[in-house]
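Report on the structure given below.
Remember, predicted model here, so these are calculated numbers, not experimental data.
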Amino acid sequence: MSYDGIRHKCGYNDCYCLNDDELRINLHANRSVTKAVLMCEDPYIGGISEAWSWDGKPVAMSVFLELSNEIIFSAIVSPVYKRLQYYFLLTFNDGTVKCLLEDGLHDPSFIKRQDLARNYYKFGWMNDSDIMKPPRWAADTIWYQIFPDRFSRESDNRDGKFEDWNNISVKNHKCRYGGNIKGVIKRLPYLASLGITGIYFTPIFLSRTNHRYDTADYELIDPDFGTNEEFADMVRQAHNLGIRIMIDAVFNHSGKDFFAWQDVIKNGQNSPYFNWYYIHSLDFTKQGNTMDGRYYSFAFVAEMPKLNTNNPEVRDYLTKVCKKWLKEFDIDGIRFDVGNEISHSFIRHLCTELKREKPDLFLLGEIWTDASSYLEGGEYDSVMNYPFLHAVSNFFGDHVLTNDDFRHMMNYCYSLYREQVNEVLFNLLDSHDVSRIMSRARSYDAFIQQVTILMTMPGTPCIYYGTEIALEGAADPDNRRPMPWKDIESGKFREISAEITQLIAVRKKPAFSSSESLNWENASEERLLHYSRGRSRQYHVWINAGTADIALPQKGKVLFEHKYEEGILKKGGAVILHIQ
């Protein structure tokens, strides 16, 4: 028996509204806890006087998630009067029974002590405005990330200024290949044929770099990419194909060419925009990184001075910018760069203002670690799920890890957030910020296995442009190679893209929707992954990451297969079966 790690908070991700009627209540425990019962009832069921004896009604809790060092028990209850008082009754592996209240563990007899204060948990009220409600459409979206300068180029009057599209040896942040809006429009049918239903664009606004994360003008599409009118037309054409559009908001910092920073450079402390930034020294204009603290910037990059999103003037300006994007472009989502360095107050304000204009707008934060403080409602709807990327990559990179390790790592990812958030988590295997999955996987088999996981796990999958053809690329900037359209059109990648298209089609089946359950199944070998999706557990996924071929115990209708023949899943193989 052990009391270590037993905990619960009334709120956050431990007690929250799933919807208008249901509460999800989670309890963190260690493996010596064999049974957990939620004792709950309305706090005023017997009156408001301290003289009456309150006790809860029992609700059995089940094991919800198992992590490497803890078990999470869970129950869903529907409080009749929208409020709930509760405590937990825990049974340990030696038969000991304890009650868990806000102030710790007690013997069961403590509940009956009228002479002592009992600090029960209490969920005050299920206020509908506090319920986390991401837009429903986001849960069913297959995202495709486009790095505008490298995706597709159609001829325009700027042809002479760009690098040769077929030369991938130019690797810096200033050279441009000239990917443009016309090129995107041409490729929309291609994306639709893959099954893509959402495009995420990295920055599209005026900038002096090819990545455009140093914004010079938040209201002007970079002329090398096209015009505001062309982008609005592209959005309309994408919508006609059932494809949503999300753009990148770089609000943590501006570029050095942004009008406010230029005015500060010119006028110093006399500039009306001086307090738009965090400037600590009058010699802030000197060259070099900002480790000397003269002003704050993104990652000490002097060309990216940090905006003060706590400043009401900055807040109002950026809110106005976003409203213009909604009106002028009719976008469906906004991704916030460096989303964990932007103030909570700003994101709350922005969420309120923008969702008043467009209630189903999707707000995505770029946060690489636990982002739960931004995902309690009224701020971001979701975040880029880098813990997912790291878990999948680590499992395939470290052959000592077993299927239990993988299960624990995945469960950790889904333990971080509320159920509604998990349904719209932005799952990815690569992006413009990390090396491409094909280069990390080191084999096509491991590549396909990881994409299979991406398409069959809860959350919304995102394909980085070129992943559908297993495009290679080391760390930035090599991971931003031009899309090889000549090779694609010649049929060089036909078999690869066919497999990815098939996996996307599987993801669109109702059993693989984010709202359906993920069930971990028994696996005969340590490096064999086996899980099912859906309440009926009829759709099964096997991934053989071991060193030997494996005979699977079940057969069914093959929805997708890679290196699977007559019930044998070869090493490096993946198969998805519908078993009735």
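At least one side-chain heavy atom of Tyr16 sits under 4.5 Å from a side-chain heavy atom of Gln420. Considering only heavy atoms from C-beta on, Ile199 comes within 4.5 Å of Leu191 through its side chain. Using a 4.5 Å heavy-atom threshold, the side chains of Leu503 and Ile576 count as touching. Counting only heavy atoms from C-beta outward, the side chains of Tyr531 and Met410 never approach each other to under 4.5 Å. Residues Arg315 and Thr309 have side chains not in contact (no heavy-atom distance under 4.5 Å, counting atoms from C-beta outward). Considering only heavy atoms from C-beta on, Thr215 stays 4.5 Å or farther from Ser207 through its side chain. Contact of the Ile543 side chain with the Val541 side chain is registered, since non-hydrogen atoms from C-beta on lie closer than 4.5 Å. The side-chain heavy atoms of Ile131 and Asp20, taken from C-beta on, include a pair separated by under 4.5 Å.
Ring pair Trp325/Tyr218: centre-to-centre distance not below 6.0 Å. You'll find the ring centres of Tyr213 and His432 inside the 6.0 Å limit. Ring centroids of Phe162 and Tyr177 are separated by 6.0 Å or more, keeping the two rings apart. The ring of Tyr295 has its center no closer than 6.0 angstrom to the ring center of Tyr278. For Tyr444 and His562, the distance between ring centers is under 6.0 angstrom. Ring-centre distance between Tyr317 and Phe259: below the 6.0 Å cut-off.
Residues Asn385 and Asn427 bring a donor and an acceptor atom of their side chains to less than 3.5 Å of each other. A side-chain N or O of Ser514 and one of Arg507 form a donor-acceptor pair less than 3.5 Å apart. Using modelled atom types, one finds a donor on one side chain and an acceptor on the other under 3.5 Å when comparing Asn228 with Glu328. Of the N and O atoms on the side chains of Thr460 and Thr141, not one donor lies less than 3.5 Å from an acceptor on the other residue. Side chain to side chain, Asn308 and Asn310 meet the donor-acceptor criterion of an N or O pair below 3.5 Å. At a cut-off of 3.5 Å, with distance as the only test, no side-chain donor of His211 or Asp149 sits close to an acceptor on the other residue. Side-chain atoms of Lys306 and Asn252 include a donor-acceptor pair closer than 3.5 Å. A donor-acceptor pair shorter than 3.5 Å cannot be found between the side chains of Asp445 and Ser443. Between the side chains of Ser517 and Arg535, no donor N or O sits under 3.5 Å from an acceptor N or O. Using modelled atom types, one finds a donor on one side chain and an acceptor on the other under 3.5 Å when comparing Tyr277 with Ser254.
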Side chain to side chain contact (heavy atoms under 4.5 Å, CB included) between Val338 and Phe251, worked out = CA-CA 8 Å; Val338 201; Phe251 291 167; over 6 Å; no
Should Asp330 and Arg244 be marked as a salt bridge (Lys or Arg N to Asp or Glu O under 4.0 Å) after you check the CA-CA gap, both sets of side-chain angles, and the distance that decides it?
-> CA-CA 10 Å; Asp330 191 25; Arg244 307 263 188 169; over 6 Å; no
Stepwise side chain to side chain contact (heavy atoms under 4.5 Å, CB included) test for Asn19 and Glu22 = CA-CA 6 Å; Asn19 48 55; Glu22 295 179 311; 2.9 Å; yes
Passes side chain to side chain contact (heavy atoms under 4.5 Å, CB included), Phe560 versus Ile448? Steps please.
-> CA-CA 11 Å; Phe560 172 81; Ile448 283 294; 3.9 Å; yes
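Across Leu364, Asp248, Leu354, a single residue satisfies side chain to side chain contact (heavy atoms under 4.5 Å, CB included) together with Ile334, and that is Leu354.
Side-chain atoms of Ser431 come within 3.5 Å of backbone N or O of Asp433 as a donor-acceptor pair. Side chain of Asn422 to backbone of Leu425: no donor-acceptor contact under 3.5 angstrom is found. Looking at Arg294, its side chain does come within 3.5 Å of a backbone N or O of Phe284 through a donor-acceptor pair. At least one donor-acceptor pair under 3.5 Å links the side chain of Arg176 to the backbone N or O of Thr209. Of the possible polar contacts, none joining the Ser393 side chain to the Leu389 backbone as a donor-acceptor pair under 3.5 Å is found. Side chain of Lys358 to main chain of Ile331: a donor-acceptor pair is present (N/O by atom type, distance under 3.5 Å, no hydrogens or angles). Remark: side-chain polar atoms of Asn180 are paired, donor with acceptor, to backbone N or O of Glu154 under 3.5 angstrom. A donor-acceptor contact shorter than 3.5 Å links the side chain of Arg533 to the backbone of Ser513. A side-chain donor-acceptor contact under 3.5 Å links Ser439 to the backbone of Gly473. The backbone N or O of Leu429 sits less than 3.5 Å from a side-chain atom of Arg440, completing a donor-acceptor pair.
Scanning for side-chain contact (heavy atoms from CB on, under 4.5 Å) contacts around Asn240 gives an empty result, with sequence neighbours left out. Legend: residues meeting side-chain contact (heavy atoms from CB on, under 4.5 Å) with Asp263, ordered by chain and number and at least two apart, are Asn267, Ser271, Pro272, Tyr273. Listed by chain and number, the residues in a salt bridge (charged side-chain N to carboxylate O under 4.0 Å, His left out) with Arg136 are Glu423 (sequence neighbours excluded). A search for salt bridge (charged side-chain N to carboxylate O under 4.0 Å, His left out) contacts involving Glu376 returns nothing, not counting sequence neighbours. Residues satisfying the salt bridge (charged side-chain N to carboxylate O under 4.0 Å, His left out) criterion with Glu419, sequence neighbours excluded, are Arg24.
Within 6.0 Å of atom NZ in Lys557, 12 or fewer heavy atoms from other residues, nucleotides or ligands are found, so the atom counts as exposed in its surroundings. Within 6.0 Å of atom NZ in Lys509, 12 or fewer heavy atoms from other residues, nucleotides or ligands are found, so the atom counts as exposed in its surroundings. Within 6.0 Å of CZ in Arg348 there are more than 12 heavy atoms belonging to other residues, nucleotides or ligands. Within 6.0 Å of NZ on Lys266 lie no more than 12 heavy atoms contributed by other residues, nucleotides or ligands. Atom CD of Glu489 sits in a crowded spot, with more than 12 heavy atoms from other residues, nucleotides or ligands closer than 6.0 Å.
Lys133 has no carboxylate O lying under 4.0 Å from a charged side-chain N of Asp360, or vice versa, which leaves the two without a salt bridge. Salt bridge present: Arg208 and Asp257 bring a charged side-chain N and a carboxylate O closer than 4.0 Å. The pair Arg212-Asp214 does not count as a salt bridge, with every side-chain nitrogen at least 4.0 angstrom from each carboxylate oxygen. The pair Asp476-Arg480 counts as a salt bridge, with a side-chain nitrogen and a carboxylate oxygen less than 4.0 angstrom apart.
Ring orientation note: the planes of Trp143 and Phe426 are tilted relative to one another, at an angle of 30° to 60°.
The shortest non-hydrogen separation linking Pro189 to Leu241 is N-CD1, 4.2 Å.
Listed by first then second residue, pairs satisfying side-chain hydrogen bond (donor to acceptor under 3.5 Å, both in side chains) with a partner in residues 465-474 read Tyr144-Glu468, Tyr190-Glu468, Asp430-Thr467, not counting sequence neighbours.
Annotation: cation-pi pair Arg153/Trp165 absent, no NZ/CZ under 6.0 Å from the ring centroid and within 45° of its normal.
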